[in-house]
There are 2 protein chains.
Amino acid sequence: MSAGALHDRVATSLVRAEQRYTAQRRQLVELLAGAGRPLSIPEILGTQPGLAQSSVYRNLDTLERAGAVRRVQGADDFARYELDEELTGHHHHLVCTVCRRITDVELSARHERALDRALEEAAERSSFRALSHRLDLFGVCADCAAGPAGPGV
Amino acid sequence: MSAGALHDRVATSLVRAEQRYTAQRRQLVELLAGAGRPLSIPEILGTQPGLAQSSVYRNLDTLERAGAVRRVQGADDFARYELDEELTGHHHHLVCTVCRRITDVELSARHERALDRALEEAAERSSFRALSHRLDLFGVCADCAAGPAGPGV
DNA sequence: CTACTTGCAAATGCTTTGCAGGAGA
DNA sequence: TCTCCTGCAAAGCATTTGCAAGTAG
């Protein structure tokens, strides 16, 4: 998706939620779009000096309520944020238990269909109305397997 | 698994970790075994009056390090604990976004195999050494769909 | 006996909130 | 101009930790 189209769609979401698309919110959306993986608040503050921590929390929360951003839980105490799947496409996560980094990964269409069928079966058996799913792989990423660099943020 | 066999296996895990199997730890293990779903600390403290909160946190942590208990993250801020899959069998979770309750669910062997193949493909493509996975369904449980009861703990 | 456990209370650290000034429409 | 947004500082809250007394082995 082009940057223009991305901003248009986020802007629409915000308007629906009666919120403004301010410079800082644009900045956050572009950062998340460029990262291609979920970012933690410390990571965001580290690359964008000058942002107030509370404003980042508040704006990510606003963007989440508007449906443009999603909050994901990794292997540590930090929340991470990524663009909503409607903007990035459906994907899953590789969570490195060494450096705590989360990487996006997509399944082939065939495997994703198989997964959906499995989930339908499970939900139906429990009379559960499923709205979304989360599939994470925990392990060691290529970087950490190659050389011990220690955990980052 | 019988209660005796369960305690034997937990005891072995604790011995390996050079920890003792005290009365409170037995109590926690039996509670988790009887619940059949992950429990939060508030839930545990609610049903077991007299336990010190800090001791519950510490003992669940000890049991987790020993490999007898697993900590899982739901849809709210509370951590939940369940017996390790080695004791309960591999399973996944239905997370109700209304009452926050987590329910265990198993996939059929066929679907579980399909899932494993999909994960292998994804891990290999990213040179990721996968150690475990987490598959959660988010939605509304049967109880909450039937009648609005409001979120519990 | 010696080391691990427990309970209480205080501390920790991510996240949220109150408030006063600034900016979008 | 009116409402929303921002930054700073202070507060919230689940979780962790220090310490002294209790207990397993």
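Order of the sequence lines fixes the chain letters, A, B, ..., with proteins taken first and strands second; residue numbering starts at 1 for each chain. Predicted model only: the values in this text are computed from it and were never measured.
- Scanning DNA chain C 5' to 3' for nucleotides with an atom closer than 4.0 angstrom to a non-hydrogen atom of chain A gives a first and last hit of C:dC14 to C:dG24.
- Looking at residues two or more places apart in sequence or on another chain, you find no salt bridge (Lys or Arg N to Asp or Glu O under 4.0 Å) involving B:E120.
- With A:S108 as the fixed residue, the side chain to side chain donor-acceptor pair (under 3.5 Å) test singles out one of A:H111, A:R110, A:E106: A:H111.
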Check: residues 11-19 of chain A side-chain donor-acceptor pairs under 3.5 Å, at least two apart:
unit_1	atom_1	unit_2	atom_2	d
A:T12	OG1	A:D8	O	2.9
A:S13	OG	A:R9	O	3.1
A:Q19	NE2	A:A17	O	3.4

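- With sequence neighbours left out, B:R65 forms a salt bridge (Lys or Arg N to Asp or Glu O under 4.0 Å) with B:D61.
- Non-hydrogen atoms lying under 4.0 Å from DNA chain C are contributed by B:Q24, B:R25, all within residues 23-33 of chain B.
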Please write out the pairs of protein N or O atoms and N or O atoms of nucleotides 13-20 of chain D separated by less than 3.5 Å, giving the distance to one decimal.
unit_1	atom_1	unit_2	atom_2	d
D:dA14	O3'	B:D77	O	3.3
D:dT15	OP1	B:A79	N	2.9
D:dT15	OP2	B:Y57	OH	2.3
D:dT15	O5'	B:Y57	OH	3.1
D:dG18	O6	B:R58	NH2	3.0

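- Note: CG (A:L51) to C1' (D:dC5) measures 13 Å, nearest angstrom.
- Of the N and O atoms on the side chains of B:E82 and B:H91, at least one donor lies less than 3.5 Å from an acceptor on the other residue.
- Where the helix from C:dC1-D:dG25 to C:dA25-D:dT1 starts and where it ends, the local axes point in directions that differ by 40°; five pairs per end, rounded to 10°.
- When each of B:E18 and B:G50 is assigned the nucleotide of DNA chain C with its nearest heavy atom, B:E18 is the one assigned upstream, toward the 5' end.
- Side chain A:R20 to base D:dC5: no donor-acceptor pair is found below 3.5 Å.
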- Test A:R70 against A:E64 for salt bridge (Lys or Arg N to Asp or Glu O under 4.0 Å), laying out the working first. CA-CA 6 Å; A:R70 196 164 65 126; A:E64 188 183 20; over 6 Å; no

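- Each side-chain hydrogen bond (donor to acceptor under 3.5 Å, both in side chains) pair with one or both residues in residues 20-29 of chain A, not counting sequence neighbours, appears once here: A:H7-A:Y21, A:Q24-A:N59, A:R25-A:N59, A:Q27-A:Q48.
- Of the N and O atoms on the side chains of A:H92 and B:H133, not one donor lies less than 3.5 Å from an acceptor on the other residue.
- The salt bridge (Lys or Arg N to Asp or Glu O under 4.0 Å) check on A:R71 picks up nothing, with sequence neighbours excluded.
- In this structure, the side chain of B:T47 engages the main chain of B:I44 through a donor-acceptor pair within 3.5 Å.
- Among pairs with a residue in residues 26-63 of chain A, none fulfils ring pair (Phe, Tyr, Trp, His ring centres under 6.0 Å), at least two apart in sequence or across chains.
- In terms of the salt bridge (Lys or Arg N to Asp or Glu O under 4.0 Å) criterion, B:E112 has no residue partners (sequence neighbours excluded).
- Annotation: salt bridge (charged side-chain N to carboxylate O under 4.0 Å, His left out) contacts involving residues 124-139 of chain B, sequence neighbours excluded, comprise A:R134-B:D136, A:D136-B:R134, B:E121-B:R125.
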